[in-house]
Each structure stands twice: as structure tokens, then as C-alpha cells.
Amino acid sequence: MGCCASQNVDSKASRIARWRSTGIVAFRDAKLKARQSHTHTHIYFICIVSFLFVKKFASEFHTLCFHFMIRSFSISFCTVSKSFRSHQLFLPQKLSTDSLDISSINEVVHMPFHSLFFHQQAFPDEVLDLDKAVRTLDLTHNKLVDIPMEISKLINLQRLVLADNLIERLPMNLGKLQSLKAMTLDGNRIASLPDELGQLVRLERLSISDNILTCLPETIGSLRNLSLLNVSNNKLKTLPESIGSCFSLEELQANDNLIEDLPASVCNLIHLKSLSLNNNSVGQIPPNLLKDCKALQSISLHDNPISMDQFQQARHRFSSLLHG
């Protein structure tokens with residue numbers, strides 16, 4: 001027992017020493033610690049099964065007793081409710097015989113038992129303790145829900161990769177990561193970005209595809225060093241006018257959204273090489289897009305209602321300028 005404990009301590013110590021020397025921290029593919037233990041999960045499971053039994057077979061007296069037991073122990077189902085949402089099951093914050101649907105409970109009981117374990121994972125505290133040493137942080141494909149405010153302590157962080165998690169929002173003090181150059185947030189549940197995003201003035205690459213964004217903050221125009229922006233597979237209806245101030249932008253990917261038109265300011269992107277807007281609702285492009293964006297090498301507008309005539313007219317104007 002003592003030997004195993006010593007090995008664990010040594011392993012943790014050597015891991016932290018490696019992080020300090022390389023500046024690279026990687027916890028990929030569900031390697032983070034679980035937020036709740038086996039014991040707590042067993043309690044939730046037993047209570048759900050017990051409720052099912054009482055609901056179907058017990059007398060009114062036993063139901064009242066079960067009510068009393070739940071209230072006495074104040075069993076909160078907030079955590080288990082959130083985790084079940086990935087299975088399309090919505091449980092109330094407090095267990096109640098009046099509010100639970102028996103069909104949903106049946107689904108929970110027949111879920112694979114392993115799916116009741118380790119629903120969410122916690123942000124590694126030991127990483128936050130490294131402060132200035134961390135330059136790359138990769139927590140891809142875990143079950144992170146929250147990014148702690150303390151992430152602002154990583155003031156030398158240059159690359160942040162949090163793809164394929166369950167993140168719903170970014171911390172308001174995100175702008176304090178002044179060294180950040182690349183941020184990858186693909187495959188999460190983010191509905192909006194904080195205005196503080198515009199404070200990341202060194203940011204060069206931002207990828208936040210496959211989320212549920214409905215808009216981008218106007219402050220995105222402050223990202224003057226941004227060369228790649230990927231917002232594909234969201235719910236965007238438009239791009240902000242300030243996008244035209246991202247003067248270094250070379251690649252803009254906004255496929256699979258609800259975008260109807262482009263702001264005229266997109267013509268200010270003189271370094272833009274690739275524009276991809278497949279599967280949107282774009283009906284027309286700014287008349288001067290092809291003329292002003294002289295570096296543009298690729299434009300993709302598949303599955304949009306834009307007419308070929310309108311696009312050909314834009315090409316003709318551009319060709320006339322070249323040969324005129």
C-alpha cells in the first residue's frame with residue numbers, strides 16, 4: 001500500500017516537472033479526473049431505482065415515507081440531471097414524485113450502467129498552480145463543462161485546445177490571456193462569446209465550429225492579428241460589421257450556418273485567401289468583394305440561394321477591372 005502511494009506521488013511529481021520543463025500540458029481522451037465519485041453515483045442510481053419501485057408497487061403510505069426520506073437527506077439531483085441531458089433525459093433539480101415521469105425513469109434504469117459513472121470531469125487544479133510555466137494546454141475530448149476563472153493565471157499560455165467537451169460558456173476574464181495565439185473550441189455547447197474576446201490581441205487562430213453560436217461579438221474586430229476564423233456548423237445568421245477590421249484574416253470558414261448576407265466590411269479583408277460559406281442562406285455577395293479582396297484564391301458558396309447570374313456579374317466586374 002505504502003509503495004503504491006509512493007509511486008503515485010512520484011508519478012505526479014514527475015508529471016508536473018515535465019510540464020514545467022516543456023510548457024506543454026495534455027490531458028486528452030477522458031483522462032481527467034471525474035467530478036463525482038462511484039459512491040455518489042451509486043446513491044443517485046439507488047434512489048432512482050427505489051423511486052421506480054415505490055411509484056409502481058408501493059402503497060400511498062410508503063410513498064409518503066419515501067418523500068420524507070428524500071427531504072430529510074436533501075438529495076440534490078442537479079448534477080445527475082445535467083449529465084442525463086446527453087441522453088435526452090431531463091430530471092428535475094429535486095426528486096419529486098409529482099414531477100418525475102415514469103417513462104423517463106424507465107429509460108434511465110435501462111441505460112448502460114457505465115453511462116451513470118463519471119458524467120463530468122474537473123479542470124485539473126495542478127495545471128492552474130503552474131502559472132507562468134504553461135504555454136500549451138490541450139484538454140481535448142473530455143467532459144469538461146466549466147472553465148474556471150483561475151485560468152487567467154496562465155499568463156504565458158499561447159495555445160488553448162478544449163475541443164470535444166461539454167463547455168457552455170467562456171469565463172469573462174478570458175481577455176487576461178494576453179499571450180494566447182491559438183484557441184480551439186470545436187465540438188462544445190457554446191451559445192455566445194464574451195466581449196472580452198476582443199482583448200486577445202495576439203490571437204492568430206480561432207476555431208469554434210460545431211457549437212450553437214447565434215452571433216459573434218462586435219469586439220471580434222479588435223483581433224487584428226487573426227489569420228484564421230472557423231465558425232462553421234453554428235446558428236449564425238450574420239457576421240458582425242466589425243469583421244472587416246480583422247485586417248490579417250486569410251481564411252474565413254462559416255459553412256453550415258444560417259447566414260443570409262455578408263457585411264460590406266468584408267471587402268476590407270485585403271489578405272483574405274479563402275472564403276467558405278457552404279450551406280447557408282446567402283442570396284448575394286458584396287458587389288466589390290472580388291475587386292477589393294485581391295488576395296482571394298478560393299470562394300465556396302455551395303448550397304446557397306445565390307443565383308449564378310449574380311455571381312457571374314461580380315466576376316465580370318472583376319474581370320473588367322483587371323483588363324480595363
Where F123 and D146 come nearest, the two heavy atoms and their spacing: CD1-O, 4.2 Å
Inter-residue atom distance L289.CG - C267.SG, 0.5 Å rounding: 5.0 Å
Distance-only polar pair, side chains of D256 and S232, donor-acceptor under 3.5 Å: no
Donor-acceptor pair, side chain of R189 and main chain of V145, under 3.5 angstrom: no
Closest contact, heavy atoms only, V266 versus P286: CG1-CG, 3.8 Å
More than 12 heavy atoms of other groups within 6.0 Å of K153 NZ: yes
Gap separating the CG atom of L174 from the CG atom of D195, nearest 0.5 angstrom: 12.0 Å
Spacing of CD1 belonging to I24 relative to CG belonging to D138, to within rounding of 0.5 Å: 10.0 Å
Nearest-0.5 Å distance, CG of residue N279 to OG of residue S300: 10.5 Å
Nearest-0.5 Å distance that lies between atom CG in L262 and atom CG in L277: 5.5 Å
Residues N234 and N211: side-chain donor-acceptor under 3.5 angstrom: no
Contact summary for P194 and T219, nearest pair of heavy atoms: O-OG1, 4.4 Å
L160 reachable from L197 in the ILVMFWY side-chain graph, under 4.5 Å edges: yes
Minimum side-chain heavy-atom gap L193-L216 below 4.5 Å: yes
M183 side chain near L200 side chain, heavy-atom distance below 4.5 Å: yes
Side chain to side chain contact (heavy atoms under 4.5 Å, CB included) between K273 and L296, intermediate numbers included: CA-CA 4 Å; K273 296 178 180 178; L296 195 61; 5.8 Å; no
Shortest non-hydrogen separation from M172 to E196 and the atoms involved: O-CG, 2.9 Å
Joint cluster assignment, I259 & I306, ILVMFWY side-chain distance < 4.5 Å: yes
Donor-acceptor under 3.5 Å (R202 side chain, Q178 main chain): yes
same_hphob_cluster(I299, L236) at 4.5 Å side-chain heavy-atom cutoff: yes
Side chains of E218 and S242, donor plus acceptor under 3.5 Å: yes
Pairwise side-chain contact, E250 with L272, heavy-atom cut-off 4.5 Å (strictly under): no
Main-chain N/O of I167 paired with N188 side-chain donor or acceptor, under 3.5 Å: yes
S248 (side chain) donor-acceptor with L226 (main chain) under 3.5 angstrom: no
Side chain to side chain, H141 and R28, heavy atoms closer than 4.5 Å: no
Summary of side chain to side chain donor-acceptor pair (under 3.5 Å) pairs that have at least one residue in residues 154-164, sequence neighbours excluded: none
Closest contact, heavy atoms only, N173 versus M149: ND2-O, 2.8 Å
Check: I155 main-chain N/O paired with S179 side-chain donor or acceptor under 3.5 Å: yes
Check: T184 side chain, A163 main-chain N or O, donor-acceptor pair, under 3.5 Å: no
Derivation and outcome, side chain to side chain contact (heavy atoms under 4.5 Å, CB included), residues I285 and L301: CA-CA 10 Å; I285 59 175; L301 292 162; 4.1 Å; yes
CG on L229 to CG on L239, rounded to 0.5 Å: 8.0 Å
Non-hydrogen atoms of N280 and N304 that approach each other most closely: C-OD1, 2.9 Å
Joint hydrophobic cluster, V127 plus L157, side-chain heavy atoms closer than 4.5 Å: yes
Evaluation steps, side chain to side chain donor-acceptor pair (under 3.5 Å), between D186 and S209: CA-CA 5 Å; D186 306 318; S209 66; 2.9 Å; yes
Short side-chain to backbone donor-acceptor contact, N165 and L144, under 3.5 Å: yes
Any side-chain heavy-atom pair of I208 and N230 under 4.5 Å: no
Beyond-backbone contact of R205 with S227, side-chain heavy atoms, under 4.5 angstrom: yes
